[in-house]
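Below: one structure, written as structure tokens.
Along the sequence shown, residues carry numbers from 1. For ligands, and for the atoms within them, numbers begin at 1 and follow the listed sequence.
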Amino acid sequence: MPACLLLLLYLSHGLIPPIGSPLVPAILFLNFRHVFVLTMRKTKVLLIGAGGQLGSELTQGLWNLYGIDNVIASDIKDPQGVLAEGRFEKFDVMQRDKLFEILKKNEITQVYHLAALLSATGEKDPRWAWKLNMESLLFVLEAAHELKLHKVYWPSSIAAFGPTTPKQETPQDTIMDPTTVYGITKLAGELWCEYYFRRYGVDVRSLRYPGLIGWKTPPGGGTTDYAVDIYFKALKEKKYECFLAADTYLPMMYMDDAVKATLDLMEAPAEKVKVRTSYNISSMSFCPAQIASTIKKHIPDFEITYKPDFRQAIADSWPKSIDDAPARKDWGWKHQFGLEEMTADILKNLAAEQK
Ligand code: NAD
């Protein structure tokens with residue numbers, strides 16, 4: 001049989017020729033090239049839920065890292081603002097086949113899955129919150145396993161903790177007894193991530209975000225949304241009615257730090273990522289009275305009043321501050337913004353935008 005036919009036969013059947021055969025160097029070269037091409041596949045990212053508060057800013061962070069052509073933002077709604085400048089797929093993540101089709105068609109290597117129903121909106125439709133948050137995560141994990149994606153990012157939340165969790169400096173490993181359906185989906189999701197890592201080797205990474213505060217996109221129905229709304233109202237109306245009590249301490253994070261933490265974790269070498277449920281992550285903790293007095297330094301006639309609603313009970317069940325020592329030790333997490341720096345930055349940007 002001619003040598004090239006024999007070579008094809010060996011390659012197509014994954015066979016190894018006898019030692020000493022002149023075909024051995026050719027087989028080794030071609031197999032090595034195949035493995036090399038597979039592992040060096042260019043990073044191509046799909047971000048699901050890109051139209052939300054975090055997604056719209058994370059998309060821009062990913063553009064900077066991988067180039068605008070290598071990032072596909074997606075959401076169930078049409079792209080707004082800056083998202084329209086990049087590649088976009090409008091689709092419902094609950095359509096499993098469509099998800100697989102988009103991943104294959106675009107040769108995606110990393111998925112950031114952010115779509116979810118949040119804490120306050122989840123309580124209005126608990127059954128749907130469970131279905132959307134859990135099934136979509138399982139679709140993404142199945143896809144990561146079957147299509148051999150390089151990495152998956154999925155966020156958890158401080159909502160995965162509950163009333164009997166230690167409230168101050170909540171440790172990485174502790175009691176987790178969430179009371180909201182959102183928190184239940186985050187706790188279950190963390191365990192599914194770890195399961196896919198252990199059982200199938202899926203490189204899935206996660207952070208337990210505190211309340212995220214940004215000024216570019218409106219918040220999506222969480223219990224910490226007051227700390228975003230307050231800046232808009234302070235500039236426009238010089239007053240704000242807060243849906244949490246004055247002394248409700250909660251862990252919070254500026255969006256710039258949240259994006260940095262996410263990308264730092266995803267860029268860390270796999271062996272440094274030791275927690276495969278979800279990492280505690282922290283930068284500041286404050287209550288409504290404190291944020292109001294920080295705003296007053298910039299807008300002296302700003303007034304805050306308090307009218308706690310159903311979200312007070314949710315906030316009361318969450319930690320007041322977070323210990324994120326493992327994230328700092330394992331992959332070098334460092335925050336940049338505290339309450340004063342964040343307030344100055346947001347008011348400066350919002351004021352410039354309103355001119
Ligand atoms: P958000 O509500 O602002 O954005 C979620 C996005 O998902 C929306 O644009 C929505 O249109 C999209 N979406 C909803 N259903 C979809 C579907 N079926 N298919 C495709 N897209 C769909 O939320 P966010 O604040 O940006 O949060 C993003 C992630 O971070 C969530 O998983 C959330 O649990 C987590 N997180 C957020 C905070 C926070 O303070 N914002 C805190 C902790 C954790």
Atom indices of ligand 1 within 4.0 angstrom of [X] heavy atoms, with elements:
X: Asp92; value: 17 (C), 18 (N), 19 (N)
X: Lys186; value: 32 (O), 33 (C), 34 (O)
X: Gly211; value: 40 (O)
X: Tyr182; value: 33 (C), 34 (O), 35 (C), 36 (N), 43 (C), 44 (C)
X: Tyr209; value: 36 (N), 42 (C), 43 (C), 44 (C)
X: Ala116; value: 31 (C), 32 (O)
X: Leu114; value: 28 (C), 29 (C), 31 (C), 32 (O)
X: Gly51; value: 9 (O)

Would you say the side chains of Tyr279 and Ser156 form a donor-acceptor pair under 3.5 Å?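 Their side chains do not contain a donor-acceptor pair, so the 3.5 Å distance test is not met.
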
Would you check if Phe161 and Ile322 make a side-chain contact, meaning some heavy-atom pair closer than 4.5 Å?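 With C-beta onward as the side chain, the pair touches.
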
Once you restrict to heavy atoms under 4.0 Å, what part of Pro210 touches ligand 1? Side chain, backbone, both or neither.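 Under 4.0 Å from ligand 1, Pro210 contributes backbone atoms alone.
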
Quick test: of every protein heavy atom, which one is nearest to [atom], and how far off is it to 0.1 Å?
atom: atom 21 (N) of ligand 1; answer: Ile76 N, 3.3 Å
atom: atom 26 (O) of ligand 1; answer: Leu54 N, 2.8 Å
atom: atom 22 (C) of ligand 1; answer: Ala115 CB, 3.6 Å

So does [Y] get a backbone contact from the side chain of [X], meaning a donor-acceptor N/O pair under 3.5 Å?
X: Asn106; Y: Ile102; result: yes
X: Asp324; Y: Ser282; result: yes
X: Thr277; Y: Glu190; result: no

With sequence neighbours left out, which residue pairs that include part of residues 162-188 fulfil the salt bridge (Lys or Arg N to Asp or Glu O under 4.0 Å) condition?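 Found none.
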
Please go through Phe88's hydrophobic cluster and name the other residues, only I, L, V, M, F, W, Y counting, with side-chain heavy atoms under 4.5 Å joining them.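 Noted: Phe88 shares its cluster with Leu83.
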
Could you establish whether Phe91 and ligand 1 come within less than 4.0 Å of each other, counting only heavy atoms on the residue side?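 Yes.
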
Mind checking whether Tyr196 and His145 have parallel, tilted or perpendicular rings, split at 30° and 60°?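 Perpendicular.
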
